[in-house]
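Below, all heavy atoms of this structure are taken into account, side chains as well, without hydrogens, waters or symmetry copies.
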Amino acid sequence: MDDNFDKAAIAVIIVFGTLCVGGLMAANLAAHDRNGFLFALGSGFAAWIAGHAILFDLPRAYAVLVAIAVVMAVASTFAYTF
């Protein structure tokens with residue numbers, strides 16, 4: 001297995017942080033839903049920090065931050081839909 005964590009960190013930051021959460025942020029802004037927007041913003045921030053946890057070789061912190069990001073993204077989706 002390749003121990004190059006830089007590529008994985010960049011993938012997490014770009015794919016999760018920008019594409020998925022950026023769409024949630026835009027949808028909540030268009031719907032004028034402040035809570036959903038803030039959940040999406042928090043999710044993107046947690047995913048961004050998770051990318052840095054990979055760079056510093058902190059796998060447990062990475063797992064916790066990704067779990068936080070997923071929970072906040074789901075909360076943003078629920079705030080948008082309900």
Review point. For Leu29, which residues count as a side-chain contact (heavy atoms from CB on, under 4.5 Å) partner, sequence neighbours excluded?
Key: Phe37

Review point. What is the distance from atom CZ of Phe56 to atom CD1 of Ile49, rounded to the nearest 0.5 Å?
Key: 9.5 Å

**Study point:** Heavy-atom closest contact (Gly36 atom, Ala79 atom, distance)
**Key:** CA-CB, 3.7 Å

Check your understanding: From Tyr62 OH over to Ile54 CD1, what is the distance, rounded to the nearest 0.5 angstrom?
Key -> 4.0 Å

Practice item. Only counting residues at least two apart or in another chain, list the ones meeting ring-ring contact (aromatic ring centres under 6.0 Å, His included) with Phe82. Key: Phe78

Exercise for review: Can you tell me which residue pairs pass the side chain to side chain donor-acceptor pair (under 3.5 Å) test with a partner in residues 63-76, sequence neighbours excluded?
Suggested key: Asn28-Ser76

Exercise for review: Sequence neighbours left out, what pairs pass side chain to side chain donor-acceptor pair (under 3.5 Å) with at least one residue falling in residues 46-56?
Suggested key: none

Review point. For Val64, which fellow cluster members are found when Ile, Leu, Val, Met, Phe, Trp and Tyr are connected by side-chain heavy-atom distances below 4.5 angstrom, either directly or through intermediates?
Key: Phe39, Ile68, Met72

Check your understanding: Val21 and Gly44: which non-hydrogen atoms are nearest, and at how many Å?
Key -> CG1-N, 3.6 Å

**Study point:** Considering all heavy atoms, the nearest Leu24-Ala40 contact
**Key:** CB-CB, 3.9 Å

Point to revise | Sequence-distant partners of Ala61, side-chain contact (heavy atoms from CB on, under 4.5 Å), two or more places apart | key: Ala53, Leu58

